[in-house]
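Below is one structure, written out as structure tokens; comments come after it.
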2 protein chains.
Amino acid sequence: MIRIIIAEDQSMILGALSALLDLEDDLSVIGKANNGEQALKLVNELNPDIVLTDIEMPIMTGIELAQAIQKQKQKHSTKVMILTTFARGGYLKRAMDAGVKVNLLKDSPSDVLADSISKIFAGKTIVAPELVTEAWAETDPLSDKERKILKLAYEGKTTEEIAKVICLSPGTVRNYSSEAVSKLEAKNRIEAARIAWQKGWL
Amino acid sequence: MIRIIIAEDQSMILGALSALLDLEDDLSVIGKANNGEQALKLVNELNPDIVLTDIEMPIMTGIELAQAIQKQKQKHSTKVMILTTFARGGYLKRAMDAGVKVNLLKDSPSDVLADSISKIFAGKTIVAPELVTEAWAETDPLSDKERKILKLAYEGKTTEEIAKVICLSPGTVRNYSSEAVSKLEAKNRIEAARIAWQKGWL
DNA sequence: TCCTACTTATGACATTTGTCACATACATTG
DNA sequence: CAATGTATGTGACAAATGTCATAAGTAGGA
């Protein structure tokens with residue numbers, strides 16, 4: 001019997017996933033968490049065979065969770081598997097297109113889980129964390145100030161107001177905002193803010 | 001046996017939900033759609049008992065779907081049920097106006113969901129308690145054009161682009177946007193868009 | 001029919017943004 | 001020290017946005 005902990009912030013999915021996986025004969029969901037932090041705690045308490053985690057979660061992301069577990073691996077033998085979609089751009093997609101076998105952990109527990117997952121969700125798969133860190137490396141090009149400025153601009157604040165909030169001159173605020181716009185290849189700061197927002201950078 | 005169609009743009013949730021509901025003895029998921037348009041087509045083909053839909057979807061939102069179904073209700077007896085993550089004031093009112101029978105949050109446990117479905121089937125109306133407090137929020141003061149303009153502006157589109165999309169002159173677009181700004185007592189169209197968005201008017 | 005309301009449009013003007021070239025100050029490093 | 005880099009600021013100009021007065025066309029009601 002493979003003992004599993006699931007981490008996923010949307011409780012609808014969390015509930016559904018655990019209910020469905022529990023139906024499988026050789027799988028048992030022994031813990032559920034809404035973010036990486038909770039999951040980490042559960043891992044240390046329960047020492048499961050596998051942690052199945054989403055990537056985007058508040059407080060502690062799936063990637064951070066994977067790293068934390070990796071760091072203390074002498075304490076337990078838990079493997080981290082990341083639940084993801086093919087649809088994402090970048091490295092992972094290219095790897096998939098080239099027919100690379102994504103499930104790097106070639107042991108039977110992860111295979112069983114992978115099978116179950118693909119049975120349940122078409123188009124979904126689980127992968128080893130090492131892969132995803134590469135794939136997710138579309139890093140935020142924004143500086144700290146740029147990020148803050150976009151955020152405030154997206155709330156409808158004027159340049160003056162933004163300047164006051166972050167203690168810079170209005171001119172400098174415009175310089176940074178202009179920088180951000182060109183980095184994100186947007187037409188104006190609103191579009192830039194939207195792009196950054198969608199990528200989860202704000 | 002209650003026959004259900006599900007509309008939801010996140011395929012993860014779509015899959016989980018339908019698998020889960022299919023487990024119930026008295027429920028049968030007969031169709032899945034990624035947006036309101038697909039759902040509407042399926043409704044007309046399959047005449048289900050219940051459509052379970054998300055609100056925010058591309059092409060056609062859940063509310064628009066509800067309105068479309070309400071409009072042709074003599075053709076079929078389908079009931080609409082809305083499942084949403086973020087309850088923003090104004091949603092409920094619009095949903096009710098469109099004859100929706102239920103509003104539920106996505107993080108209600110799934111047995112509650114299944115339970116609700118049966119009740120809806122029996123003709124009852126259910127609303128998530130979280131929504132009731134916001135239920136009688138102010139009515140949307142925006143005209144149709146104003147709403148559309150704010151929406152597009154919030155995506156970072158320029159006046160010119162907006163004008164092209166909705167087939168008006170740039171000058172008129174600016175007039176409407178100015179109108180909207182003063183109606184919502186905002187400083188500029190971005191702030192106006194944000195206000196409207198928060199109230200669930202976009 | 002006339003009146004009114006609504007939609008769409010224009011022009012003029014002020015304000016806000018976007019862009020760029022260029023300073024100034026400060027810290028780091030060779 | 002001199003050289004370099006980074007954060008910040010200024011000024012000037014172009015472009016986009018916000019505001020307002022006003023007008024043409026259209027539809028509906030009295």
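Bear in mind the structure is a predicted one, so any value in this text is a computation, not a measurement. In what follows, chains are A, B, ... by sequence order, proteins preceding strands, each numbered from 1.
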Contacts of B/S28 that satisfy side-chain hydrogen bond (donor to acceptor under 3.5 Å, both in side chains) - sequence neighbours left out | none
Are the side chain of B/D49 and the backbone N or O of B/R3 linked by a donor-acceptor pair below 3.5 Å?
-> yes
Sequence neighbours excluded, the answer for salt bridge (charged side-chain N to carboxylate O under 4.0 Å, His left out) partners of B/E155 is B/K157
In the 5' to 3' direction, the nucleotides of DNA chain D bounding the stretch that comes under 4.0 Å of a heavy atom in chain B are D/dT17 to D/dC20
Given protein heavy atoms under 4.0 Å, the one-letter contact record of nucleotides 9-27 of chain C, with B base, S sugar-phosphate only and - none, is simply BB------BBBB-------
Sorted by chain and number, sequence neighbours left out, salt bridge (charged side-chain N to carboxylate O under 4.0 Å, His left out) with A/K32 holds for none
Which residues satisfy the side chain to side chain contact (heavy atoms under 4.5 Å, CB included) test with B/D25, sequence neighbours excluded?
-> none
Partners meeting side chain to side chain contact (heavy atoms under 4.5 Å, CB included) with B/K187 (sequence neighbours left out) | A/T158, A/E161, B/E191
If an axis is fit to five pairs at each end of the helix from C/dT1-D/dA30 to C/dG30-D/dC1, what is the angle between the two, to the nearest 10°?
-> 20°
Identify, with sequence neighbours excluded, every residue that meets side chain to side chain contact (heavy atoms under 4.5 Å, CB included) alongside A/V181.
-> A/A186, A/R189, A/A192
Set of residues satisfying side-chain hydrogen bond (donor to acceptor under 3.5 Å, both in side chains) with respect to A/T172, sequence neighbours excluded = A/S169
Excluding sequence neighbours, so at least two apart, what forms side chain to side chain contact (heavy atoms under 4.5 Å, CB included) with A/I190?
-> A/Y154, A/N188, B/I190
Pairs involving residues 174-185 of chain A, ordered by first then second residue, that meet side-chain hydrogen bond (donor to acceptor under 3.5 Å, both in side chains) (sequence neighbours left out) = A/E146-A/K183
